[in-house]
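The figures here come from the full heavy-atom set of this structure, side chains too, leaving out hydrogens, waters and symmetry mates. Computed from a prediction, not measured in an experiment: that's the story for all the values here.
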Amino acid sequence: MGDNVVVSNMELERLLSMKGGKGEGSYANNSQAQAIHAKSMLHLLKEALDGVQLQAPNIPFVVVDLGCSCGNNTINVVDVIIKHIIKRYEALGLDPPEFSAFFSDLPSNDFNTLFQLLPPLANYGVSMEECLAANNHRSYFAAGVPGSFYRRLFPARSIDVFHSAFSLHWLSQVPESVMEKRSSAYNKGRVFIHGASEITANAYKKQFQTDLAGFLSSRSVELKRGGSMFLVCLGRTSVDPTDQGGAGLLFGTHFQDAWNDLVQEGLISSEKRDSFNIPVYAPSLQDFKEVVEADGSFAINKLEVFKGGSPLIVSQPDDASEVGRALANSCRSVSGVLVDAHIGDKLSEELFLRVEKRATSHGKELLEQLQFFHIVASLSFAL
């Protein structure tokens with residue numbers, strides 16, 4: 001795309017994805033922290049799965065991962081879910097059913113890389129029971145489902161378990177008022193809401209709650225009675241929405257300063273910078289709870305803030321250059337596609353070099369301060 005392309009809100013759904021492929025800046029190679037955070041929450045996932053109503057063994061059991069992206073994490077979590085459900089059937093002396101797993105994300109997601117990572121189905125001419133017993137093989141039928149999870153994606157009452165991790169903080173669009181120069185919510189001089197005005201942050205909060213309401217409304221139609229949802233997204237501990245916590249440090253400090261570097265060096269205009277905003281909102285527990293309760297379809301089995309830890313995985317914490325590179329790659333893996341589209345590949349490369357340089361000069365404090373908190377929600381139908 002050309003250097004002067006501005007991504008409109010309408011185009012965001014078509015464009016947004018984690019960085020595909022298997023390169024240094026790809027999501028597949030920069031999602032180890034998410035894997036560690038997900039592993040630390042497995043006991044909560046299994047608690048949620050224990051509440052799922054088991055169907056008759058002749059009825060396929062259907063699992064969906066919403067916002068699957070393109071790395072191993074989604075495959076690993078689906079494996080955990082299915083193995084746990086198998087154990088529940090076996091504990092009742094029942095043969096496990098056949099399993100289907102749907103991997104869903106926006107159409108721009110790198111499904112090709114994801115499908116290449118999928119283990120082979122155990123054996124095409126044997127029974128499902130033999131498939132389930134096979135090691136290093138897949139015990140479920142897999143399919144990809146492209147589309148926004150803020151709308152319907154599946155037939156009514158067709159899904160047993162919905163899982164979504166590290167996705168619901170991505171908004172369906174940057175709020176229009178944030179991009180409108182004449183609006184009091186205009187986010188002038190910034191590319192994220194961390195440290196922005198209260199009016200700007202509240203526009204993001206409203207967009208998050210509108211999006212989450214659409215998500216819950218869609219799932220309330222698609223989920224089977226007796227089914228369950230396990231949701232994890234970036235969260236914050238502050239009541240102030242202008243303090244975005246870990247997300248603020250990722251997108252609101254060195255990333256922000258790198259954009260300002262490009263402006264000061266005359267590589268882009270200030271208007272070009274101001275027309276870019278990261279469509280992420282880390283909600284508080286109250287932000288999340290308000291939407292679930294207003295929807296009314298779901299009972300909250302668990303809703304808590306969980307300390308996830310640092311998103312930076314480094315082998316030598318004392319090596320500031322490795323920390324800087326890790327931050328730049330982490331930032332690029334989740335926002336690089338949007339940056340590329342906004343300022344072109346060449347300037348995007350320049351931007352992330354500056355992110356790396358700035359982060360390197362603050363390596364020690366980054367490792368100490370950059371901590372993510374997640375909102376963990378286990379939901380089932382209200383009685």
Side-chain angles (χ1 to χ4, degrees), residues 1-12 15-16 19 25 170-171 173-201 203-204 207 241-282 311 320-321 323-363 365-366 369-370:
M1 297 181 117
D3 286 0
N4 296 316
V5 174
V6 176
V7 179
S8 71
N9 290 337
M10 296 296 289
E11 289 179 303
L12 185 62
L15 181 73
L16 178 62
K19 200 160 186 70
W170 285 98
L171 304 176
Q173 64 175 57
V174 175
E176 290 180 16
S177 60
V178 170
M179 308 301 290
E180 175 52 60
K181 288 183 179 179
R182 290 165 294 188
S183 166
S184 57
Y186 183 50
N187 201 20
K188 184 173 175 59
R190 297 183 182 278
V191 296
F192 189 49
I193 56 165
H194 187 70
S197 73
E198 187 178 346
I199 295 173
T200 303
Y204 265 75
Q207 184 65 54
T242 68
D243 178 2
Q244 287 283 293
L249 276 174
L250 188 63
F251 295 124
T253 50
H254 307 302
F255 184 66
Q256 173 71 59
D257 290 341
W259 282 89
N260 296 341
D261 287 343
L262 295 189
V263 173
Q264 288 164 11
E265 292 167 32
L267 294 174
I268 62 170
S269 66
S270 59
E271 289 80 9
K272 189 72 173 174
R273 174 199 59 203
D274 295 348
S275 62
F276 180 88
N277 265 251
I278 291 286
V280 164
Y281 180 80
S321 62
V323 176
R325 191 162 55 253
L327 181 97
N329 283 336
S330 180
C331 196
R332 189 172 201 164
S333 71
V334 296
S335 69
V337 169
L338 295 180
V339 175
D340 292 353
H342 193 73
I343 58 177
D345 296 355
K346 196 172 175 183
L347 283 176
S348 178
E349 189 69 35
E350 292 289 334
L351 178 81
F352 286 108
L353 283 173
R354 284 156 180 75
V355 172
E356 181 176 340
K357 184 179 178 182
R358 286 183 166 278
T360 297
S361 64
H362 295 83
E365 63 193 70
L366 264 174
Q369 297 173 9
L370 184 50

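Between Pro175 and Gln207, the shortest heavy-atom contact is CG-CB, 3.8 Å. In terms of heavy-atom proximity, Ser269 sits nearest to Val263 at O-CG2, 3.9 Å. Contact detail for Ser335 and Cys331: the closest heavy-atom pair is OG-O, 2.7 Å. Contact record, Ala196 with Thr242: O-CG2, 3.3 Å, taken as the closest heavy-atom pair. Between Ile193 and Pro241 the shortest heavy-atom distance is CD1-O, 4.0 Å. In terms of heavy-atom proximity, Gln244 sits nearest to His194 at N-ND1, 3.0 Å.
For the pair Arg358 and Asp261, the salt-bridge criterion is met [side-chain N within less than 4.0 Å of a carboxylate O]. Classification of Glu350 and Lys346 as a salt-bridged pair fails, no side-chain N sitting under 4.0 Å from a carboxylate O. Ion pairing between a basic and an acidic side chain is recognised when a charged N comes within 4.0 Å of a carboxylate O; Lys188 and Glu271 show no such pairing.
Distance check, rounded to the nearest 0.5 Å: CG of Asn187 to CZ of Arg190 gives 7.0 Å. A distance of 8.0 Å separates OG of Ser183 from CD1 of Ile199, quoted to the nearest 0.5 Å. A distance of 10.0 Å separates CZ in Phe255 from CG in Leu327, rounded to the nearest 0.5 Å. Going from atom CD1 of Ile343 over to atom CG of Leu338 covers 11.5 Å, rounded to the nearest 0.5 Å. To the nearest 0.5 Å, the span separating CG on Asp274 from CE on Met179 amounts to 8.5 Å. Here the CG-OG distance, from Leu250 to Ser330, works out to 5.0 Å after rounding to the nearest 0.5 Å.
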As a quick check of understanding, evaluate side-chain contact (heavy atoms from CB on, under 4.5 Å) for Leu347 and Leu267, giving each step before the final call.
CA-CA 8 Å; Leu347 283 176; Leu267 294 174; 4.0 Å; yes

Check against side-chain contact (heavy atoms from CB on, under 4.5 Å), Val178 and Tyr204:
CA-CA 8 Å; Val178 170; Tyr204 265 75; 3.8 Å; yes

Quick one: do Arg332 and Glu356 satisfy salt bridge (charged side-chain N to carboxylate O under 4.0 Å, His left out)? Show the steps, please.
CA-CA 10 Å; Arg332 189 172 201 164; Glu356 181 176 340; over 6 Å; no

Run the side-chain contact (heavy atoms from CB on, under 4.5 Å) test on Trp170 and Val334 for me, step by step, so that the C-alpha distance in whole Å, both residues' side-chain angles and the decisive distance to 0.1 Å come before the verdict.
CA-CA 10 Å; Trp170 285 98; Val334 296; 4.0 Å; yes

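Atom CD of Glu180 sits in a crowded spot, with more than 12 heavy atoms from other residues, nucleotides or ligands closer than 6.0 Å.
Ring geometry for Phe251 against Phe192 counts as perpendicular: the plane angle is over 60°, on a 0 to 90° scale with 30° as the lower cut.
No hydrogens or angles considered: a donor-acceptor pair under 3.5 Å links the side chains of His342 and Ser275. Of the N and O atoms on the side chains of Ser197 and Thr200, at least one donor lies less than 3.5 Å from an acceptor on the other residue. Side-chain polar atoms of Asn260 and Gln264 form no donor-acceptor pair below 3.5 angstrom.
Under the 4.5 Å side-chain criterion, counting only non-hydrogen atoms from C-beta, Leu351 is in contact with Val339. In this structure, the side chains of Thr360 and Val323 stay at 4.5 Å or more apart for every pair of heavy atoms. Looking only at side-chain heavy atoms (C-beta outward), Val191 and Arg273 come within less than 4.5 Å of each other.
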